[in-house]
There are 2 protein chains.
Amino acid sequence: MPAPLLPRDAVVDRLLAAFREHGYDAASLGQLSKITGLGRSSLYHYFPGGKEDMARAVFERVDRWCDAELFGPAGTAEDPDRRLARMIEALDAFFAGGMAACLFGNFVVGSARSIFQEPLGAAFGRWIDGFAALAMDKGIPGPEARRRAEDAVMRLQGALVLSRGLDDPAPFRRVLDELPAQLLG
Amino acid sequence: MPAPLLPRDAVVDRLLAAFREHGYDAASLGQLSKITGLGRSSLYHYFPGGKEDMARAVFERVDRWCDAELFGPAGTAEDPDRRLARMIEALDAFFAGGMAACLFGNFVVGSARSIFQEPLGAAFGRWIDGFAALAMDKGIPGPEARRRAEDAVMRLQGALVLSRGLDDPAPFRRVLDELPAQLLG
DNA sequence: GTCTATAATAGGATAGAC
DNA sequence: GTCTATCCTATTATAGAC
């Protein structure tokens, strides 16, 4: 048997890039094959369930990324301000300064919405929970922390849409800069 | 010649519903034909340029809706608070309480992004300008008004993503409720 | 202005060789 | 694990009758 051209994780990374840029329905197997450098059959070897399997793997990868880079630090003893500073750095890199779309944001339309409805709600819920936990660690009372956390998620999602719509990273930049005061101030 | 089954505006309305729900790339002519009740050939009669023409017509229709329902009232002598209250009502209806996606938001991904890049930036710009004009009418200084207006657009877009992601109208509802204080307070 | 028919292409998915 | 070849469906778009 030939050796794998790419480790599975690398394949999933490239699939992620495609689903972020085109959305679920519009990401064609041809594009996915091209961007991974794998033939259709190789993709089906990794993902027997076809495109839906690929999207599921990508979805889970982003979920794991969030746990590791975003909300993993929440469990540490580090103070909330420093943890948030590291989250902001991670968000900036992950979203390419606001010019890369959010997979979850893309999946609220089209057939992805029905296919991934439950994990999608859970993923957004974890974002809110993660931010709320941070605010509560800072001493902000539960209901207010939750309100701020929801605001943070909305502002990030909205900033990604606006930055891409205007083709200008400034809105996303500003939301990141204001996040410490908005969430923990 | 047979009479038109639907006035052109009604056709565009139904196309809008499809592009909102599926996005540009994923909205197939089959779906568009089905949702309008028109055969493919009739669609090509209305829109000789095919899907791109249909999307253009839909885009312009939303633009006109914004002028009429959202920023048209900005020119009136009515006080800013009342004008905003009417905008909020219009937004609530247009976005079905947060459960209907935004066409502009959908068009920041896939091939729609490259096709509509310029009108898309202009549309988001008009949203910001419209809200900023309202805040300035209320006496808020230019730069601060502009900052609040950008925030308003981001929050609305983000709330639509979040409400659809959570399958819960509450985030959009809250953003609408808080809009008067956030923009004019 | 709408219809049926059709062309040409791209879509998702599978089979079997190596 | 990758490849080529293939199947079937759906896709965009056009032609021509009424």
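Both backbone and side-chain heavy atoms feed into the values below; hydrogens, waters and symmetry mates do not. Residue numbers start from 1 in every chain, and the chains themselves are labelled A, B, ... in the order their sequence lines are given, proteins ahead of strands.
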Original post:
Taking atom CD of Q182(B) and atom CG of L184(B), what is their separation to the nearest 0.5 Å?
Top reply: 9.0 Å

Original post:
Once you round it to whole Å, what is the distance between C1' of dT6(C) and OH of Y44(B)?
Top reply: 14 Å

**OP:** Going by the side-chain contact (heavy atoms from CB on, under 4.5 Å) test, name the single residue among R148(A), R147(A), M154(A), R146(A) that passes it with I128(A).
**Re:** R146(A)

Original post:
Within this structure, what is the CZ-to-P distance between F47(B) and dG1(C), rounded to whole angstrom?
Top reply: 12 Å

Original post:
In whole angstroms, how far is the C1' atom of dT11(D) from the CD atom of E52(B)?
Top reply: 17 Å

Original post:
Measuring from F124(A):CZ to S163(B):OG, what's the distance to the nearest 0.5 Å?
Top reply: 10.0 Å

Original post:
Which of parallel (below 30°), tilted (30 to 60°) and perpendicular (above 60°) describes F19(B) and F107(B)?
Top reply: perpendicular

Original post:
Between W65(B) and A90(B), what is the shortest heavy-atom contact and its length?
Top reply: CZ2-O, 3.7 Å

Original post:
Once the angle between the rings of F116(A) and Y24(A) is folded into 0 to 90°, is it parallel (under 30°), tilted (30 to 60°) or perpendicular (over 60°)?
Top reply: perpendicular

Original post:
Is the shortest distance from a Lys or Arg side-chain nitrogen in R56(B) or E52(B) to a carboxylate oxygen in the other one below 4.0 Å?
Top reply: yes

Original post:
Phosphate oxygens OP1/OP2 of dT2(C): is one of them under 4.0 Å from a side-chain N or O of Y46(B)?
Top reply: yes

Subject >> Contact list for DNA chain D against residues 23-41 of chain A - heavy-atom distance below 4.0 Å >> reply: L38(A), G39(A), S41(A)

Original post:
Distance from W127(A) atom CH2 to C102(A) atom SG, nearest 0.5 Å?
Top reply: 6.0 Å

Original post:
Which residues, if any, of residues 9-21 of chain A bring a heavy atom under 4.0 Å of DNA chain C?
Top reply: none

**OP:** Find the distance between CE (M87(A)) and CG (D92(A)) and round it off to the nearest 0.5 Å.
**Re:** 13.5 Å

Original post:
Does any residue of residues 106-116 of chain A have a heavy atom under 4.0 Å from DNA chain C, and if so, which ones, in number order?
Top reply: none

**OP:** Verify the contact: side-chain N or O of K51(B) to OP1 or OP2 of dT12(D), cut-off strictly under 4.0 Å; return yes or no.
**Re:** yes

Original post:
How many Å lie between CG on D53(A) and P on dG12(C), as a whole number?
Top reply: 14 Å

Original post:
About how many Å separate CG of D151(B) and CG of L183(B), when rounded to the nearest 0.5 Å?
Top reply: 9.5 Å

Original post:
How many angstroms lie between atom CG of L16(A) and atom CZ of R61(A), to the nearest 0.5 angstrom?
Top reply: 8.0 Å

